[in-house]
Amino acid sequence: MLEREPETDRLLMIEVARGSVPALEILMQKWERPLFSFVYRYTQNEHATRDVVQETFVRLYTKREKYDAKYPLASWLFTIAANLCKNRARWRRRHPETSLELPSSDGRNEGRSMLDTYVAEETAPSGAMEGVEDLAALRDAVMTLPHDLRTTVLLHHYEGMAYKDIAEIVGCSARGVETRLYRARKILRKRLEAALRGEGATQKKSLSPLNSELPDSAAAWARTAG
Amino acid sequence: MDPDKKIDDLLSRWDVAHAPDPDLRRSVVQEIALRQRRAFDEAASDENSFVAWARALASRPMLSGMAAAVFVLVGMGLTRIGTHFVSPGEDELTLSYRLTIDPIYRVQAMAGASDRGPTAARSAEERFLVESLGWLQTELDLSPRQFERVSALHNSYESAFNSLFLKLLASYSRYGDLDRQRMSDDVIDYIAFYELLQEQERLKAMSSELTAELIEKVSQVVGPDQRERFRRLVQESYPSVPGPMDSRQEKQNA
C-alpha cells in the first residue's frame, strides 16, 4: 500500500509548477514503483510499462498547470497513467500487426514480457504447478476486463485507494466504484472457474459479446482459452 | 474454497518485481527538453520572427519556466532569455534570485503560495520565471568571464541548497503532522516538538550560513563597484551580510 503524504506531494507540486526539476525528481523517486506496479499489472508488458511510466512523469511536468491542489497528487498521477494505458490498448487494437511485445511460440505469453515469466516463477510455491496455473489464469482474466473495471480492481486491491479517489480516476461516483468492483469480481470469478475447469470452448463463447470492448491481449486470451 | 476468497488470494499472490529504471530521470528530462524546444520552434515558425517567439514565451509562462529548469540541469545558458519580465525595485533582489540562494525563503514562499491557493501560486510562479543569474548579470553588468565564475559558484551550492530545502520541507511536514495529532488526540509530545524545533533551527542556521557564504564568495569574484552594488541589493534581505559602507571601508583598507 502507498505511504500517503499528500501535503508533501502538494508542496512538491507547487515547486514543480514553478519549474523545479529537482522537485520532479523527488516525485519520480517516490511514485515510480507504485506507478510501475499498476501499469505493469494493467499492460502485463515491461517495455510498455516503462514507456507509460516515463510518459506519465513527462505529462506531470508539461501539464502541471492543470494540477488542482484540492485533490491528492496520487489521483492525478494514476489518472494520467490509466489514460495512457487505455490509449495504448486502443492503439494496439487498431494496429494489431505492430507489436513491440515479446511473442511466444504457443501464443500463451502474447503481450507478456520476460519479467512476467520470471515473476511468475519466483512467486509460485515450489512444486505447485497448480498455483502457477491459477495465477496465470488470473492474470489472463484481468487482461480481459474492460478498462474501467481493470483500473478499479488494480487501484483498489494493490494501491489501497479509497473509493472516492478511484472515482476521480475512473470518472464515476464512489457508488459506481463499488458497482465496478462487483462486476469485475463477477467476471474474474466466471473466467477463472472456466479456465481452471478447462472449458475453453464455453469460455470463448462467453467472451464473444465482450470482445468489442476488450483491451490488449483479451483476444489472445480468447484464442488461448480455445 | 470460496471463489471470492480464491480471487483475493490470487490477487494477493500476484507480485511485481520492480527494479528502478536507471534511465528514467534522464529520459524524462530529455523528453521534456525536446518537447520544450519543439514548442518554441513551432511558436517561432508561426510568425517567423524573434518577436513572435518572445511573445509566445511571454504568453506561456509554463514553457518559459521549464526552459529555466532545463537550463539549471544542462547548463544551456537559457538564463538570459527572460530578464525583461521582471521589474524589481532599483535595489531589490528578484524573488527568483532569493529562491536560488535561500532554502528558508523557498519554504516560506511555498507556504505563502499554498496558503493563497492555486491561483496565487500560479501568479507567484509567473514572477519566479526569470532566471536569477541572468538578472544578476544585468544588474552587475558582469563580463562573460565574471558571469562564468558567478554561475559556477551558484551551481556548486545548488545541490546543498536543494538538500537543505527538502530537509526543511520534510521537517515542516512532520511538524504539521504532530500538530494535527495534538489537535485530534489532545496529547502533546513535547520531546518530539522540541527535537523538531531544534532540527529546524539547525537547518535554518546552516542554510543562513551557506547563503551568506555564497554571497561573500560572489562578492569576491566581482569588481569593487559591482561588489558595492551587489551588497546593496542583498543587504535588505540579508542584513548580516556586509553592506555597501563596509564595502567602501574594505576598498579604503585595500
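Chain A is the first sequence line, chain B the second, and so forth, proteins listed ahead of strands; every chain is numbered from 1.
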Taking atom CG of B/D23 and atom CD of A/Q54, what is their separation to the nearest 0.5 Å? 9.0 Å
State which residues pass ring pair (Phe, Tyr, Trp, His ring centres under 6.0 Å) with B/Y172; sequence neighbours excluded, sorted by chain then number. none
Once you round to the nearest 0.5 Å, how far does CZ of B/R13 lie from CG of A/L138? 9.5 Å
If you round to the nearest 0.5 Å, how far is CZ of B/R25 from CD of A/E32? 13.0 Å
When B/D21, B/L166, B/L11 are compared by non-hydrogen pairs under 4.5 Å with chain A, the top option: B/L11
Geometric class of the A/Y158/B/W14 ring pair [parallel <30°, tilted 30-60°, perpendicular >60°]: perpendicular
State the CZ-OG distance between A/R50 and B/S27, to the nearest 0.5 angstrom. 10.5 Å
Gap separating the CG atom of B/L10 from the CG atom of A/L188, nearest 0.5 angstrom: 10.0 Å
Salt-bridged, B/R35 to A/E55, with N to O below 4.0 Å? yes
Walk me through it: do A/T49 and B/V16 pass the test side-chain contact (heavy atoms from CB on, under 4.5 Å)? CA-CA 12 Å; A/T49 301; B/V16 172; over 6 Å; no
Could you give the distance from CG (B/L24) to CD (A/Q29), rounded to the nearest 0.5 Å? 10.0 Å
Give the C-alpha distance, both sets of side-chain angles, the deciding distance and a yes or no for salt bridge (Lys or Arg N to Asp or Glu O under 4.0 Å) between A/R185 and B/D8. CA-CA 9 Å; A/R185 189 172 280 275; B/D8 285 336; 2.8 Å; yes
Using heavy-atom distances under 4.5 Å, tell me whether A/L60 contacts chain B through its side chain, its backbone, both, or neither. neither
Measure from the side-chain N and O atoms of B/E31 to the backbone N and O of A/V58, and report whether any donor-acceptor pair falls under 3.5 Å. no
Using the test salt bridge (Lys or Arg N to Asp or Glu O under 4.0 Å), find all partners of A/R180 that sit at least two apart in sequence or belong to another chain. A/D148
Hey, are the side chains of B/D9 and A/D134 touching, using non-hydrogen atoms and a 4.5 Å cut-off? no
I'd like to check B/K6 versus A/L192 (side-chain heavy atoms, cut-off strictly below 4.5 Å). Are they in contact? no
